[in-house]
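Quick caveat: nothing in here was measured; it's all calculated off a predicted structure. When a ligand or atom number is given, it counts from 1 through the structure's own listing order.
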Amino acid sequence: MKKIAFFDTKPYDRESFDRQNGGRYDIRYFETRLTAAALPLADGCDAACAFVNAEIDRAVVTGLVERGIKILAMRCAGYNNVDFKAAYDAGLAVVRVPAYSPYAVAEHAAALLLSLTRHIHRASARTRDFNFSLAGLTGFDLHGKTAGIVGTGKIGRIFAGICAGFGMKVLAYDAFPDPATGLEYVPLDKLLALSDVVSLHCPLLPATSHMINAESLAKAKTGFTLINTSRGGLVDSEALLAALRDGSVGAAGLDVYEEESEWFYEDRSDATRQNKTLSLLVSMPNVIVTSHQAFLTREALANIAQTTLANLDAYFSGGPLDNEICYRCLGVESASNAVCPKRKSGRCL
Ligand code: NAD
C-alpha cells in the first residue's frame, strides 16, 4: 500500500480524508507543516501532501525527491508557495485541487461584507453583554451601490452574482477578461474610483503582489469597503492600515493576511510577541479578520479529499494528471516560453 506523508493536519482534514480514503492509502498524519526540518517524517513514504501555508522551496523539493517521493499533492487551489522551477528541475510532480467549492469562498466574502456593512460583529459582542444599544451601528444598503470584482474566475464570478442579487451594480477587472461572463470590464483604476465595495479574487503573482497599495488606495472611492479572500500578499497591509486610519478605506474584511503563515490556523492567544500591523488591524471596529477559513465548508472538505486522492490514484496508475501544474504551464508567472507537454502526453513532467 502506498504511503502518504500528510502535513499540517487538522482534525477536520483527517475526518474527511479518512472518510474518502476507504483504505486505499496508508496516510500518515502529521500536525507539523512541510518544512525542510520536517522532511524526516516523510521517510519511507511515496507521496507528500501539503496545504496552503507550507513553504515548498528548493530545499524541501530536493529533500522530498532524495527520499524517493516523486509527487507532491497540494490540497488547495493556490500555488504561490511552491517553487515550481525547483520541482521541475528535481522531477517532482505537483498536483493541486483547482476547485473544491468556489461557493464556499464567495459566500464567505459575502459574509464578511454583510457583517461589516451592518456591524454584525459589534452587535453580537454587545448583546452578549446585555448591551442592547444601537449607537454607532448605522449601516448602509448594498442595494444600488457598486461592487468592483478583481479577478473574474470561478470565485469572482459567483461573488459577482451574489452582489447582483443584492441589487448592486457590478464592475469587473481581470488581466484576461472573459466576455462570456457578461460582466462590465473596466480598467483597475476606474474600478477602484467607482466601487463602494472592492473584492479581490485573483491569484498572488509577481504582477498582482501589493496591487492594493498606497498609490492604488489614493485612487479609490473614499470610504470604500475592501474584501480580501484571495491572498494576503495582494494587499500592502501597512498602506491599508494607514487608509483605514484616515478614513479613505471605510472597512476591511480580510480572510488572508500577507504574513499569515506565522499566525493563522493556530491558537496564538498566549503569544507575547505579536505582529504589530495585524494587532492594530484586528483591534479596529471596522475590520474583520478571519483565519483563512473561506474554504472551510463540509462540501469543500469532501471535495478536497476526493480530488487529492483522485490525483494520487491517477499518478500511481500512470494515467493523465489533469490537475498537475508546472512552471511551464500557462498562468504561472515564472513560466519560460517553453511549452508544457501536458496537452499531448497528459502530464507536465
Ligand atoms: P481562478 O483561476 O478561477 O480565477 C482567477 C482569475 O484571476 C482569473 O480570471 C484570472 O484571469 C485572473 N487574473 C490572473 N492574473 C490577474 C491579474 N494580474 N490581475 C487581475 N486578474 C488576474 O481562481 P479562483 O478559483 O477564482 O480563485 C481565486 C483565488 O482565490 C485563488 O488564486 C486563491 O488565491 C484564492 N482562494 C482562497 C481561498 C480561501 O480559503 N481564502 C480558497 C480558494 C482560493
Point to revise | Spacing of Asp13 atom CG and Asp18 atom CG [to the nearest 0.5 Å] | key: 10.5 Å
Review point. Looking only at heavy atoms, is any part of Lys154 under 4.0 Å from ligand 1, and if so is it the side chain, the backbone, or both, or is it neither?
Key: both
Review point. Between the side chain of Tyr185 and the main-chain N/O of Asp178, is any donor-acceptor distance below 3.5 Å?
Key: yes
**Study point:** Which of the ligand 1 atoms, numbered from 1, are nearer than 4.0 Å to a heavy atom of Val105
**Key:** 38 (C), 42 (C), 43 (C)
Exercise for review: For Val150 and ligand 1, answer yes if some heavy atom of the residue is under 4.0 Å from a ligand atom, otherwise no.
Suggested key: no
Review point. Among all protein non-hydrogen atoms, which one is nearest to atom 16 (C) of ligand 1, and what is the separation to 0.1 Å?
Key: Ala175 CB, 3.6 Å
Practice item. Answer yes or no: is there an ion pair linking Arg231 with Glu258, defined by an N-O contact shorter than 4.0 Å? Key: no
**Study point:** Residue and atom name of the nearest protein heavy atom (relative to atom 32 (O) of ligand 1), distance in Å to one decimal
**Key:** Pro203 CA, 3.3 Å
Check your understanding: With Leu280, which of Arg245, Gln274, Glu238 fulfils side-chain contact (heavy atoms from CB on, under 4.5 Å)?
Key -> Arg245
Check your understanding: Considering only protein heavy atoms, which is closest to atom 15 (N) of ligand 1, and at what distance to one decimal place?
Key -> Leu205 CD1, 3.8 Å
Point to revise | Charged N-O contact under 4.0 Å between Asp322 and Lys342 | key: no
Practice item. Heavy-atom contacts with Phe176 under 4.0 Å: which atoms of ligand 1 show up? List them by number with element. Key: 11 (O)
Point to revise | Contacting atoms of ligand 1, where contact means under 4.0 angstrom from a heavy atom of Ala294 | key: 39 (C), 40 (O), 41 (N)
**Study point:** Residue, atom name and distance, where the atom is the protein heavy atom closest to atom 11 (O) of ligand 1
**Key:** Asp174 OD1, 2.6 Å
**Study point:** Numbered atoms of ligand 1 (with element) below 4.0 Å of Thr152, judged on heavy atoms
**Key:** 9 (O)
Check your understanding: Got an N/O contact under 3.5 Å between Ile155 and ligand 1?
Key -> yes
Review point. Ser230: heavy atom below 4.0 Å from ligand 1, yes or no?
Key: yes
Check your understanding: Per the side-chain contact (heavy atoms from CB on, under 4.5 Å) rule, which among Thr308, Val97, Asn311 passes with Asn323?
Key -> Asn311
Exercise for review: Determine, for Lys3 against Asp26, whether the closest basic-nitrogen to carboxylate-oxygen distance falls under 4.0 angstrom.
Suggested key: no
Point to revise | Option passing salt bridge (Lys or Arg N to Asp or Glu O under 4.0 Å) with Asp8 (candidates Arg14, Arg75, Arg33) | key: Arg33
Practice item. Determine the interplanar angle of the Phe84 and Tyr79 rings, folded into 0 to 90°, and report it as parallel if under 30°, tilted if 30 to 60°, perpendicular if over 60°. Key: perpendicular
Point to revise | Salt bridge Arg268-Asp270, side-chain N to carboxylate O under 4.0 Å | key: no
Check your understanding: Does Lys85 make a cation-pi contact with Tyr327, if we ask for NZ or CZ under 6.0 Å from the ring centre and within 45° of the axis?
Key -> yes
Check your understanding: Is the shortest N/O to N/O distance between Gly153 and ligand 1 below 3.5 Å?
Key -> yes
Check your understanding: Any N or O of Thr229 that comes nearer than 3.5 Å to an N or O of ligand 1?
Key -> yes
Check your understanding: Looking only at N/O atoms, are Arg231 and ligand 1 under 3.5 Å apart anywhere?
Key -> yes
Practice item. State plainly whether the residues Lys70 and Asp46 are in salt-bridge range, i.e. N to O under 4.0 Å. Key: no
**Study point:** Residue part near ligand 1, for Asp255, under 4.0 Å between non-hydrogen atoms
**Key:** side chain
Point to revise | Identity of the nearest option to atom 43 (C) of ligand 1, non-hydrogen atoms only, from Tyr100, Phe295, Tyr173 | key: Tyr100
Check your understanding: Can you list the ligand 1 atoms lying under 4.0 Å from a non-hydrogen atom of Thr208?
Key -> 17 (C), 18 (N), 19 (N)
Exercise for review: List the closest protein heavy-atom neighbour of atom 28 (C) of ligand 1: residue, atom name, distance to the nearest 0.1 Å.
Suggested key: His201 O, 3.3 Å
